[in-house]
Amino acid sequence: MWIRRAFFSWLFPAALVLPLWLFIGWGVFQAGGWAFLWVLFVALPSVLVGEVALGLLVRARPTVREERAVSWRDVIGFTVWHGLTIALGFFPQSAFGWLLTGTIVAFLGVFWSTLWQLWKDLAERGRAAFAIDGEAMRAAAYGDPGGPERERMSQQGDVFVITETDRSGA
């Protein structure tokens, strides 16, 4: 449980730490000018926006808010995505393309997994909120004399029923 809670706490700091790591990695491992432009205009904004979006989607789930912990599926997905992002920050010449592709695929997997879990949680909440008690509905529909409507009417006093008639003579 503590691992799931740690990931819950890590989601928004990761939105700053991971892009910062890509920037530091570029400087430390001397990746070059084109890599600097890629980091500055593609990697930093996409990792920042992607992490914030995923963090908001994860925290939107009712089960995550109640437990203050992410699911195990989130732990696995974020571990893979963050691990590949960190590996990408080393700027390896021979494996950069593969790491970049893996990082993008991992992000998309985490994104769709998070959306699916959110949809599932909301659907379960909706079913629970609209559960219908058959006996209560039958009593209200068929005018059960012991029902709450009859009790309320008897407390209010006399009830006058006025019916309309057709005046056209037909």
Side-chain angles (χ1 to χ4, degrees), residues 1-138 140 148:
M1 183 67 146
W2 67 271
I3 293 174
R4 293 172 48 212
R5 288 182 189 237
F7 268 88
F8 178 80
S9 300
W10 164 248
L11 288 177
F12 287 116
L16 298 175
V17 172
L18 291 175
L20 184 63
W21 163 246
L22 291 173
F23 186 71
I24 291 171
W26 166 82
V28 170
F29 297 105
Q30 300 171 352
W34 290 111
F36 176 71
L37 292 175
W38 175 80
V39 166
L40 196 60
F41 295 113
V42 176
L44 291 178
S46 61
V47 172
L48 176 71
V49 170
E51 185 67 37
V52 168
L54 285 177
L56 290 173
L57 283 173
V58 167
R59 286 182 181 238
R61 293 200 317 255
T63 54
V64 171
R65 286 194 314 266
E66 285 174 2
E67 299 174 3
R68 298 196 53 81
V70 299
S71 69
W72 284 109
R73 180 175 285 147
D74 291 330
V75 170
I76 292 168
F78 279 109
T79 300
V80 169
W81 182 46
H82 291 172
L84 287 170
T85 303
I86 291 167
L88 197 63
F90 288 108
F91 291 93
Q93 293 292 328
S94 60
F96 187 79
W98 291 107
L99 283 174
L100 181 60
T101 303
T103 304
I104 293 169
V105 168
F107 169 77
L108 293 174
V110 173
F111 179 76
W112 286 111
S113 171
T114 303
L115 278 180
W116 179 78
Q117 290 179 72
L118 177 63
W119 178 259
K120 189 177 87 171
D121 280 0
L122 292 177
E124 288 174 9
R125 292 290 171 130
R127 277 193 294 273
F130 291 111
I132 298 173
D133 181 13
E135 292 301 318
M137 291 300 291
R138 189 173 301 116

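Only this structure's heavy atoms are used, side chains among them; waters, hydrogens and symmetry mates stay out. What you see is a predicted model; the values in this text were computed from it and never measured.
Residues Leu11 and Val70 form a side-chain contact, since some pair of their non-hydrogen atoms from C-beta on lies under 4.5 Å apart. Residues Pro62 and Leu122 have side chains in contact (heavy-atom distance under 4.5 Å, counting atoms from C-beta outward). Residues Leu48 and Leu44 have side chains not in contact (no heavy-atom distance under 4.5 Å, counting atoms from C-beta outward). Phe7 places none of its side-chain heavy atoms less than 4.5 Å from the side chain of Val58. Side-chain contact between Leu84 and Leu88 is absent, with no heavy atoms from C-beta onward closer than 4.5 Å.
Pairs passing the side-chain hydrogen bond (donor to acceptor under 3.5 Å, both in side chains) check and including a residue from residues 104-114, sequence neighbours excluded, read Ser113-Gln117. Residue pairs satisfying the side-chain hydrogen bond (donor to acceptor under 3.5 Å, both in side chains) criterion with at least one member in residues 32-60, sequence neighbours excluded, are listed as follows: Glu51-His82. Sorted by first and then second residue, the salt bridge (Lys or Arg N to Asp or Glu O under 4.0 Å) pairs involving residues 3-31 (not counting sequence neighbours) are Arg4-Glu67. For residues 40-75, the set of pairs meeting the ring-ring contact (aromatic ring centres under 6.0 Å, His included) definition, not counting sequence neighbours, is empty. Listed by first then second residue, pairs satisfying salt bridge (Lys or Arg N to Asp or Glu O under 4.0 Å) with a partner in residues 68-95 read Arg61-Asp74, not counting sequence neighbours. Residue pairs that meet the salt bridge (Lys or Arg N to Asp or Glu O under 4.0 Å) test with at least one member in residues 100-118, sequence neighbours left out, do not exist here. Judged as a salt bridge (Lys or Arg N to Asp or Glu O under 4.0 Å), not a single pair has a partner in residues 91-109 (not counting sequence neighbours).
Every residue meeting the side chain to side chain donor-acceptor pair (under 3.5 Å) condition with Arg125, not counting sequence neighbours, appears here in chain and number order: Glu66. In this view, Glu124 satisfies the side chain to side chain donor-acceptor pair (under 3.5 Å) rule with no residue, not counting sequence neighbours. Partners of Thr63 under the side chain to side chain donor-acceptor pair (under 3.5 Å) rule, at least two apart in sequence or in another chain, are Asp121.
How far CZ of Phe78 is from CZ of Phe8: 11.5 Å, rounded to the nearest 0.5 Å.
Contact record, Trp81 with Val47: CH2-O, 4.4 Å, taken as the closest heavy-atom pair. Of all non-hydrogen atoms in Val52 and Ala15, the two that sit nearest each other are CG2-CB, 3.8 Å.
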Distance-only donor-acceptor hits, side chain of residues 94-110, under 3.5 Å, sequence neighbours excluded:
{"unit_1": "Thr101", "atom_1": "OG1", "unit_2": "Gly97", "atom_2": "O", "d": "2.9"}
{"unit_1": "Thr103", "atom_1": "OG1", "unit_2": "Leu99", "atom_2": "O", "d": "2.6"}

Let me have the donor-acceptor pairs involving side chains of residues 16-32, under 3.5 Å, with sequence neighbours excluded, atom names and distances please.
{"unit_1": "Trp21", "atom_1": "NE1", "unit_2": "Ile86", "atom_2": "O", "d": "2.8"}
{"unit_1": "Trp26", "atom_1": "NE1", "unit_2": "Gly32", "atom_2": "O", "d": "2.6"}

